[in-house]
Amino acid sequence: MNAAAALTKKDFETDQDVRWCPGCGDYAVLAQVQKLMPTLGIPRENFAFISGIGCSSRFPYYMETYGMHSIHGRAPAIASGLKLARPELSVWVVTGDGDALAIGGNHFIHAMRRNIGLKILLLNNRIYGLTKGQYSPTSLLGMKTKSTPQGSIDRPFSPVAVALGAGATFVARTVDSDLAHMAGVLKRAAEHQGTAFVEIYQNCIVFNDGAYDAITDKSMRDDTRLMLEHGKPLLYGKERNKGIRLRGMEPEAVTLGENGVTESDLLVHDEAAEHGGLAFLLSQFDVPTLPVPLGVFREVGAPSYEEMNNGLQADARERRGQGDLASLFNSGDTWTIV
Amino acid sequence: MNAAAALTKKDFETDQDVRWCPGCGDYAVLAQVQKLMPTLGIPRENFAFISGIGCSSRFPYYMETYGMHSIHGRAPAIASGLKLARPELSVWVVTGDGDALAIGGNHFIHAMRRNIGLKILLLNNRIYGLTKGQYSPTSLLGMKTKSTPQGSIDRPFSPVAVALGAGATFVARTVDSDLAHMAGVLKRAAEHQGTAFVEIYQNCIVFNDGAYDAITDKSMRDDTRLMLEHGKPLLYGKERNKGIRLRGMEPEAVTLGENGVTESDLLVHDEAAEHGGLAFLLSQFDVPTLPVPLGVFREVGAPSYEEMNNGLQADARERRGQGDLASLFNSGDTWTIV
Amino acid sequence: MSGAAAAVDVGLERRTAPRPVEELDSVVIRFVGDSGDGMQLTGNEFSRAIAKAGHDFATHPDYPSEIRAPTGTLFGVSGYQIQFASRQVFTSGDAPDVLVAMNPAALKTNLSDVKNGGTIIANSGAFTDNSLAKAGYAANPLKDGSLGNYRVYEIDISGLTALALKDSGLSKKDVGRCKNYYALGLMLSLYSRPLDKEEGDVRKKFAKKPQLAEANVLALRAGYAYVEATEMFITSYRVRAADIRAGTYRSLTGNHATALGFVAASELSGVPLFLGSYPITPATDILHELAALKHFNVTTFQAEDEIAGICSAIGASYGGVLGMTTTSGPGMALKTEALGLAVMLELPLVIVNVQRGGPSTGLPTKIEQSDLLQAIYGRNGECPLPVIAANSPSDCFDCAMEAFRIAVKYMTPVILLTDGGIGNAAEPWRIPDPASLPKLEVKFRTDPEGYQAYARDANLARSWVRPGTPGLEHRVGGLEKDFLTGNISQDPLNHQRMVDVRAAKVAGIARDIPPTRVEGPAQGDLLIVGWGSTYGSIVQAREQAVAEGHAVAHVHLRHLNPFPSDLGDILKRYKTVLVPEMNLGQLSRLLRERYLIDVVQLNKVQGKPFKVSEIYDRIIELCNGVPKGVSKGVSK
Amino acid sequence: MSGAAAAVDVGLERRTAPRPVEELDSVVIRFVGDSGDGMQLTGNEFSRAIAKAGHDFATHPDYPSEIRAPTGTLFGVSGYQIQFASRQVFTSGDAPDVLVAMNPAALKTNLSDVKNGGTIIANSGAFTDNSLAKAGYAANPLKDGSLGNYRVYEIDISGLTALALKDSGLSKKDVGRCKNYYALGLMLSLYSRPLDKEEGDVRKKFAKKPQLAEANVLALRAGYAYVEATEMFITSYRVRAADIRAGTYRSLTGNHATALGFVAASELSGVPLFLGSYPITPATDILHELAALKHFNVTTFQAEDEIAGICSAIGASYGGVLGMTTTSGPGMALKTEALGLAVMLELPLVIVNVQRGGPSTGLPTKIEQSDLLQAIYGRNGECPLPVIAANSPSDCFDCAMEAFRIAVKYMTPVILLTDGGIGNAAEPWRIPDPASLPKLEVKFRTDPEGYQAYARDANLARSWVRPGTPGLEHRVGGLEKDFLTGNISQDPLNHQRMVDVRAAKVAGIARDIPPTRVEGPAQGDLLIVGWGSTYGSIVQAREQAVAEGHAVAHVHLRHLNPFPSDLGDILKRYKTVLVPEMNLGQLSRLLRERYLIDVVQLNKVQGKPFKVSEIYDRIIELCNGVPKGVSKGVSK
Ligand SMILES: Cc1ncc(C[n+]2csc(CCOP(=O)(O)OP(=O)(O)O)c2C)c(N)n1
Ligand SMILES: Cc1ncc(C[n+]2csc(CCOP(=O)(O)OP(=O)(O)O)c2C)c(N)n1
Ligand code: SF4
Ligand code: SF4
Ligand SMILES: [Mg+2]
Ligand SMILES: [Mg+2]
């Protein structure tokens, strides 16, 4: 098991029955993650998967790695402790829209700002699955659920915007049904130093089926989603003739060739933009007025929290030498009674 | 007391000794708020001030209104319940950087997204005052405090960015030492429908004295702060010859007249921009590279949560009539035993 | 018919000779199948039919924590048990007389519970090699003689449903979904219930999908006819109608009853209701119910977490409405800091904990009553508050009202304990006339003259003031406060006084608790003391023992803090006190501590309610002189 | 000198005749002034000087919750009390012999505590009209004869300090800040301590501000000289050095000692230490101390809230380091859900609750011990865990090590209770030789052969595995788990077994607790049982009673869950058991429940420690036969 090179997807499957509903989007994510693991060159025993509570949070039971299915909303906090204590581990958090953004909102934003080396996968089905269908902080306005029989009156979060607002250094979005895209985004997340946040649109076939039809349905998805590529203009559409232009500071969907619009009028994607204004603008896009961006919104470099923490310890040792109990006890004012 | 018109600042002062350190910035905020109250045309008994725990959270004791000094971090949640139960009240939350953004982060972002009619004043001194000087989520990197003797390794939040990321409809910033500016911003907040968030830079003379010197010191502040005005170009500087220009999506400080820059090259402030990209960009500004914006970053209209909630109730009554116990009890399948 | 019955595959030819009908006193039926098989629906529909026949009944749904586990797996089995009888029924029954098993996994996981010699109706069509393998059967139990102790009826419910619906035009998948109605028809016929009412109900339920409605009606009829047409069942059964108090009834789960109780409290007091809650199994249904009642003076707020749930309710209470929050174990843990605030603020507030299996996430869909000590002691500081518990689904209605009565009279948070068993189980509820309900008077102070925020009345309650009342502006908070003004006070003696008065206020509620009802002899050898959902099992166990000539008394506590003031005296009148609990002895600890008496514990922590027999056996042991010092659990 | 002394305003002329020195057994001195007056510093410096003189001592700092209250207000008064003696000292003393009052507010709020006939040294310069008014004095108490019962020394400390520093070049404000060193000099002289060491210390402390250092040295000298020079004090005093065990000592607060204990646990076991914590009074100093020790294998993480504090520690423990968290009452409430998880995960973890006045935010800077029942019962479900408590500042060191010893040996979270009194108070700590400390062995499992995540050893502990160990990959979680594999299990009997085994594991720790030490007769009329910081008061009260011929025994419990296995027997050997607690009787409840014995409660909930006399009086009452049934509090 030690030779990371020899690992395969199978090595990351456990003997536990997978207990999601047949047809649940979670299966696809699990499969992609199990496929990704052996490609990272990390020994299996150095992975840890931490989750909260929710359908999606059953994830660790199916990963033949170290793992914890913890309590609702707290996975980022637990994972932060683990990562700080053991920076050499590859620590992944798997969470849901309720887990991460309802009860766990605080730990979520603090993980983002600290830039601690966690890979956070948020399986967003815009519903509480495990508790059988209440609306979540990402459910759309007006959505009828068990707890909102007249329709929700809560404006939804954009998880990407919340992450950006909290200072995230890596923010991406993908969707359960596009395996290739998911694979690419997950790989990028794995390679990022510091907190990597990936929102995964995930279909809950039981309580919110079709939530993402607008962007997954083959007949229309090319016109409703915007595949982000660093350094490339924001182009989309079946004929790749639609694009995003800036008007003042407001985005606008335009068609190439109409009203003299050319590719050079379009916004160019820049993951690394220091101030993140573009990423934030993109986080506000939604159908029907604007296409839904998929891909990496932002990736900027910054020292990771665990690195800086290591630095503090190294510094302290350099200045004071490795700690020694006897001299610690005897420091400060002492007196001797004979 | 009922005639709101006749009220004065004095009517909003309590008989309790104000227990902040002499010289604390909190005094100025208290005075401005007490001044503002009588101008709002609201009877005194219709105000409620809710706070958490912290130096700043002592605020309600000094306001001769209804009020609650609750528990650490939970003021937005308590205030939300109060506002929903009693939408006709004017409900204010007073909080600190620790109270709102450390322990209270979750309630803070959810208040923002719901757009519930709370006025939230965050007295940001970038330190935990009440517990005597630990760093807070807004403390600068490298800051030495009691809990960070080697300097903080936590990247600070921009409270304005967090609020924007969470979907806030009104976001502003002011500073304790500029009374006139604070008065204007508070008034705007009071008038906003939905959640109004105001960050107030506040000096803690004991544990973080001088945190805002760069933008409050008379000798330099004109060059370090950017006073936001809707519809006006982003101009600043003692000679009002500096401004902000956009380069791609990145902001840049420029000097009028240099390299042919004219006022028309500058970004124009737009509080109401639908997608909030400009507001977000501004939230990332900080000295020394860019001036610190003060004023209203964003104000957009959206129905308030309590309004929508009233709507649900009205709808339900319209459809089903005012609820009646007997018919509620007897609804569904019943059978009679004789 | 003992041993595996021969496989039968008959059509629907009508038999002419009438079949004999056997009269029964009571029957326990359990429907089991895949989570996707609609067993909860079948069970519910069956109990409705039973109810309308004038039986008393009690149910126990038992479903996996997975939403929709893969078909055929052991962990995906969902069950619904009902007991109905010609007399009063208190539990869903110890052991099923009849098990309706829709697949091998369901048979496997439930067989051991079935009464020796009981009946098994097996959907033989689902006993395929594949599904047998999934259930871990090496051989087909219907064929290998392993069910020798049972009366087994093999019916290819899947196949017969498909046959009945072959012209329906439905997809195979949809046809598969109709088989629960076939099973329902079968059972209705077997237990001599008419079909017509049920047909109407199906059509109502599927009003928006008329094709499905007709298919389900067809399946229902086919199942019904099957019993009439075949010779498989030699007799049908009839349970005589119970001798039930006259009145209009409906079937109600505990969570539903809780919700109705709160709405009643609001209507009776004229004060709006505010629920701040975060979903958690098994409490969420209270939120669902109340969310659908916005035409009353009801606001529901699905908060971002449990802390915001209780905090929003505290805010609402400060605003002068009936604030409340609902949750279960782990959520309760999160609310304990804010509960302390509510105790300090002295505002009315009701917290419902629908207990589940613990500790931690534990067994979320299973039953337990292990949060009692948390309710009483689980806060920092000296932080007393009243705790009450409901003992059955319909008792939840009364307890919800009682909770608010105490909360507003004493200006205090009140914890109401129910559990997942009560919450999800249904029983008939005799619908009360709203005019007959106890009054709930709420007085807000409006007079500024001499107002002191923490001045107290004879019950030691301070006054409730609605913000918006001129001249009564005041501040409250979580720091210790002056005995009268409520201003912050650090004075040592004032703190002592406040700690003492908060304790005295809660203790004083004992004066307000009616005399404790003792079932059975007023003194003697054995008293059983219970609380919460063990009620039914204890009642039936005691009745059995009494029927056999043993003198046994029973006290069931609604008020757990404070205890009724007569409880100490009552306990001392018996030689032995037996305390059955679904925990390791939490009430036992309280009784020992308060009254310095030893008690005999009977503890079961298995995620399942007590069987009547488990309590009965212990009673008999104690009556027969087995040393009482041997506290023990069941079935280890 | 009785009554108000005449105002004196002398210079610094040197007296020639030596003053008589009076020998004392013990002295209690309290320094009081504005929060800004530096009383904590003065007190600390004084106790250091006292310590070096070979006295035993105990201190009690008492400061307002305001950071820096406006000068002269009653609520802004800060105090520091020290008792030092020629014998062992256990408390900071009931009533000050000497009160050093830096302003009228300080005099007003503290006067009633001073021993009758005691000494008051008043900074007369601060008794201005303005400050008298702020303190609510209608007339100057130094002048109106109201202090007739005390020996009053009026010294214009403000003025004399200014005089001494007139050439220092310091601003008026800075000069004002030096007056605490003047007061210190005064007291050192009065109690015959040499000046030279102190001067060196001042220079060290203000090394970065040499001008201020010199000014403070001048003030110190001036105060010192004042006593020598004036005729005001007729005698000086000397307290003989105590007969203290040989060794090297330092002065240590409980919070500091706790931090050192944890570092020791880490060093002794070779396992790194991880503290996840959120600041809260009075626990934060532990975080401060550990944050400064990063050259050890120590990581400190200031989390976003208490929940993240404990959760990060759980993550760290799962990672194979010593995870811990520190907090106080309200923060403890927030951690209870995660504590349940830790119990399920069966990972070592230490939770320190430095208790404060409750409930809710309560009295954050005051002392109380009312979180005991929360520690034991405050979680959902059956969720047992060990609880221990420290009884003095230096005992915190031992208890911190003991907590980790239990945590790693039994793979369990452990709660360590201290309180704000212990946490902030200082006492001499005899510095141990690290080699003499108890070993702390930690074994991580590395062998994949036959590994089962929940297999247990003889102590019922499962094994600890560090992620990164090949072949031992496994998952843990908060759902109920299989007895061996740790996989999710919903099996009823497995749940019972796990609930039972978790309880048995914690109960089994009793085997590991040394025999209980009983001070005094092994049986008899009266046993005092205490826990936590009441230790000193009980010891001294008992000693007094014993000195007067009463036979009284004392047991002080470190282990509160489980109790030592011999406790029940011990309790039964005495006719009366007296339990003094700074709560409404939480240990009393536990003793009643566990041992079915009645106890006499002595409760005080005033934010202040017991006075020795309060316990002594109750002892004497009980010895003299006052009915023991009358449980009562003090000074109501
Ligand atoms: C403290 C606590 N509160 C509430 C719950 C109940 N609960 C479990 S999962 C969940 C929400 C799940 O939604 P999400 O995170 O979106 O996950 P999904 O099931 O949709 O994958 C809730 C409310 C719990 N287990 N613990
Ligand atoms: C549950 C809980 N945790 C911690 C504390 C301790 N505490 C009180 S205020 C505070 C932080 C105050 O900082 P901030 O909100 O910035 O307010 P400031 O004092 O700076 O105005 C902390 C940690 C508490 N009272 N309650
Ligand atoms: S309920 Fe929804 S999210 Fe949960 S397992 Fe089923 S399909 Fe997936
Ligand atoms: S500590 Fe700081 S924030 Fe608190 S009252 Fe003093 S100056 Fe103000
Ligand atoms: Mg979800
Ligand atoms: Mg602050």
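Reminder, nothing fancy here: chain letters follow the sequence lines and each chain counts from 1.
- Only the backbone of A:Ile103 comes within less than 4.5 Å of a heavy atom of chain B; no side-chain atom from C-beta onward does.
- Taking all atoms of both residues into account, the shortest heavy-atom contact from B:Asp154 to A:Tyr305 is OD1-OH, 2.8 Å.
- With a 4.5 angstrom heavy-atom cutoff, B:Pro156 touches chain A only via backbone atoms.
- Counting only heavy atoms from C-beta outward, the side chains of A:Asn106 and B:His107 never approach each other to under 4.5 Å.
- Heavy-atom distances place both the backbone and the side chain of A:Met308 under 4.5 Å from chain B.
- The most heavy-atom pairs under 4.5 Å with chain A, out of B:Ala279, B:Gly311, B:Gly104, B:Ala166, come from B:Ala166.
- Among A:Leu312, A:Val162, A:Asp315, A:Leu281, the residue making the largest number of heavy-atom pairs under 4.5 Å with chain B is A:Leu312.
- For A:Arg247, the CZ atom sits in a loose shell: 12 or fewer heavy atoms of surrounding residues, nucleotides or ligands are nearer than 6.0 Å.
- Formation of a donor-acceptor pair under 3.5 Å by the A:His110 side chain with backbone atoms of B:Leu101 is found in this model.
- Taking CG of B:Leu282 as the start and NE2 of A:His275 as the end, the distance is 10.0 Å to the nearest 0.5 Å.
- Nearest heavy atoms, B:Glu250 versus A:Ala273: OE2-CB, 3.4 Å.
- B:Asp270 does not touch chain A: none of its heavy atoms, backbone or side chain, sits under 4.5 Å away.
- Ring geometry for A:Phe280 versus B:Phe280: interplanar angle under 30°, hence parallel rather than tilted (30 to 60°).
- Interface remark: A:Ala316 contributes backbone and side-chain atoms alike to the contact with chain B (heavy atom separation under 4.5 Å).
- In A:Glu318, the CD atom is not crowded: 12 or fewer heavy atoms of neighbouring residues, nucleotides or ligands sit closer than 6.0 Å.
- Residues A:Arg155 and B:Thr169 have side chains in contact (heavy-atom distance under 4.5 Å, counting atoms from C-beta outward).
- Contacts with chain A were tallied for B:Pro159, B:Ser158, B:Pro303, B:Ala102; B:Ala102 has the most, counting heavy-atom pairs under 4.5 Å.
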Residue pair B:Met249, A:Leu246: steps toward the side chain to side chain contact (heavy atoms under 4.5 Å, CB included) verdict: CA-CA 10 Å; B:Met249 279 292 292; A:Leu246 209 59; 3.5 Å; yes

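- Heavy atoms of other residues, nucleotides or ligands lying less than 6.0 angstrom from CD of A:Gln313 number more than 12.
- Ranked by non-hydrogen atom pairs under 4.5 Å with chain B, the options A:Glu274, A:Arg114, A:Gln150 are led by A:Gln150.
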